[in-house]
Amino acid sequence: MSFNIHKNYGGVAVIKTKKTSLVIGLILGAGLGLYGNIDDDVMAAKTDSQTTKAVKQAKSLSQQYQYKEAKSVLSGHKGTTVDHLKKSINKQQSKLVTWDDPTKISHLFYHSLIVDPGKAFSSKQAQGYKDYMVTIDEFMPMLNQLYDNGYVLINFKDIISIDKQGKVTFKPVKLPEGKKPLIISQDDVNYYEYMKNSGFADKLVVNKQGDVKNKYTNNGQKKIGDYDMVPIIDTFIKKHPDFSYGGSKGVIAETGYNGALGYRSSESQYGDTKKTHREAKKATKVANAMKKEGWQFASHSWGHINMTTASVDDIKKDTALWQKEVQPIVGKTPVLIFPFGADIGSFTNYTNDNAKYTYLKSSGFSIFDNVDASQTSWGQLTNDYYRNARINVDGIRLHETMTGENTVLNDFFNTKDFYHRGK
């Protein structure tokens, strides 16, 4: 191809060919200001893009009741869309109801969800599974009804502040009228050895997309998906972001004697080996991903001990093991969920005369959870701790709800809609 020098602008030679003259002409024209100021156009486009991004972020924040943060994101942005969104947020803020009573925070808890009832209810542990577990097919209607009935998931980070001196303060939660805060926790998310091949998930994993899922083995076939509470709630909140307060999910209670989150990471049980270290590293990766997604961890003791009957020395030994083997995986936590719901005192306030309490407080625990299914909520707040009662949602409680023996769950969902065992 031959090139002809057509003209020279400020020392820049313009090459004239059919293929290049139009492109170069546009470039030079823009550079000479023939088509307006490129810098202004680029800046305007960039500003529009930033505003669009800010609006999207603010909508997401306001969906999860973070109105102050939403308005902060919109600060400095202008436009009709921004103005309308600010007006909508202000209107929602003006109608918020403040939940400032620590005795009114409801808390439901579950154990591992049954994937395959046929296997679970015909295994050696069948009666235990029937009594203390629920199936995924039972859990999903509960979740939908909790959402439809106006419940919003929070965790203890949203309502409890603990300073460096260990002083405990209750933080009020503000929600729209008709919305109610709810804590959901799950005990023993360890996928114990005795549960293998019994219709439960094997462990929690992080998939290629960075999402926390379960590995589930069915007749030798390994699957990755939503086979327990954590990924099920994660997926549900993606579809219904207003079911979560600021991204909060639930509280996960971990023991340690079979490792954590389905990984055999306990050195005291499986030895100080390379395999055990690898298991701990994998479990830590999962725990970190869960915390990033709004999950909070709690101690459930290392050996699932009964703290009512255990001696102070037994509690010390158990806590030391939990801090050595589980804490490095899930991180430090101020939350202790009592195994069996077995509290270290009566329903009167803990005092410094209670050696179990003073030891656990000195070990970093300031939030204590027992079990009480006699009422929809119970709490006890002092400057030193917050005690919160949980309601067990399991086969026993669902059966009692059906017979009318206990009706506490009626405030949360209609059991008759989904509980059909024995039919």
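Numbers here are sequence positions counted from 1.
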Novice: Taking C-beta and beyond as the side chain, do Phe109 and Asp394 meet within less than 4.5 Å on heavy atoms?
Specialist: no

Novice: Would you say the ring centers of Phe418 and Phe139 fall short of 6.0 Å from each other?
Specialist: no

Novice: Compute whether any side-chain donor of one residue and acceptor of the other, for Asp417 and Gln145, lie under 3.5 angstrom apart.
Specialist: yes

Novice: Taking the side chain as every heavy atom from C-beta outward, state whether Phe156 and His107 have any pair of such atoms under 4.5 Å apart.
Specialist: yes

Novice: Counting C-beta onward and ignoring hydrogens, is there a side-chain heavy-atom pair between Leu336 and Asp369 closer than 4.5 Å?
Specialist: no

Novice: Are side-chain heavy atoms of Tyr419 and His399 found at a separation under 4.5 Å?
Specialist: yes

Novice: Compute whether any side-chain donor of one residue and acceptor of the other, for His304 and Asp187, lie under 3.5 angstrom apart.
Specialist: no

Novice: Looking at Asp226 and Lys213, is there a salt bridge between them, counting it only when a charged N and a carboxylate O are closer than 4.0 Å?
Specialist: yes

Novice: Can you tell me if Asn214 and Lys223 form a side-chain donor-acceptor pair at under 3.5 Å?
Specialist: no

Novice: May I ask you to establish whether Lys180 and Tyr151 are in a cation-pi arrangement, using a distance under 6.0 Å from NZ or CZ to the six-membered ring centre and at most 45° from the ring axis?
Specialist: yes

Novice: Are the aromatic rings of Tyr386 and Phe368 close, with centres under 6.0 Å apart?
Specialist: no

Novice: Do Phe200 and Tyr227 have ring centres separated by under 6.0 Å?
Specialist: no

Novice: Would you please say whether a donor-acceptor pair under 3.5 Å links the side chains of Asp188 and Tyr132?
Specialist: no

Novice: Can you tell me how far apart CG (Leu321) and OG (Ser301) are? Round to the nearest 0.5 Å.
Specialist: 10.0 Å

Novice: Do the non-hydrogen side-chain atoms of Val371 and Ile391 ever get within less than 4.5 Å of each other?
Specialist: no

Novice: Taking the six-membered ring for Trp, are Phe121 and Tyr129 ring centroids under 6.0 Å apart?
Specialist: no

Novice: Find out whether the Lys NZ or Arg CZ of Lys179 is both under 6.0 angstrom from the six-membered ring centre of Tyr147 and within 45° of the ring's axis.
Specialist: yes

Novice: Is it the case that the side chains of Trp295 and Asp234 hold a donor-acceptor pair, with the cut-off being a distance below 3.5 Å and no angle test?
Specialist: yes

Novice: Using a 6.0 Å distance limit plus a 45 degree cone around the ring axis, check whether Lys203 lies over the aromatic ring of Tyr263.
Specialist: yes

Novice: Does some side-chain heavy atom of Tyr357 sit less than 4.5 Å from a side-chain heavy atom of Asp343?
Specialist: no

Novice: For the atom pair CG (Leu113) and CD (Gln186), what is the distance rounded to the nearest 0.5 Å?
Specialist: 5.5 Å

Novice: Are Glu325 and Ser265 linked by a side-chain donor-acceptor pair shorter than 3.5 Å?
Specialist: no

Novice: Check whether any side-chain heavy atom of Phe338 sits under 4.5 Å from a side-chain heavy atom of His300, and report yes or no.
Specialist: no

Novice: Would you please test Glu138 and Arg421 for salt bridge (Lys or Arg N to Asp or Glu O under 4.0 Å) and show each step?
Specialist: CA-CA 10 Å; Glu138 291 164 347; Arg421 294 188 199 177; 2.9 Å; yes

Novice: One pair to check against side-chain contact (heavy atoms from CB on, under 4.5 Å): Val97 and Leu175. What are the steps and the verdict?
Specialist: CA-CA 5 Å; Val97 175; Leu175 293 170; 5.8 Å; no

Novice: Looking at Thr276 and Asp272, would you say the former's side chain and the latter's main chain have a donor-acceptor pair under 3.5 Å?
Specialist: no

Novice: In the structure I gave you, are the side-chain heavy atoms of Ile154 and Ile159 within less than 4.5 Å of one another anywhere?
Specialist: yes

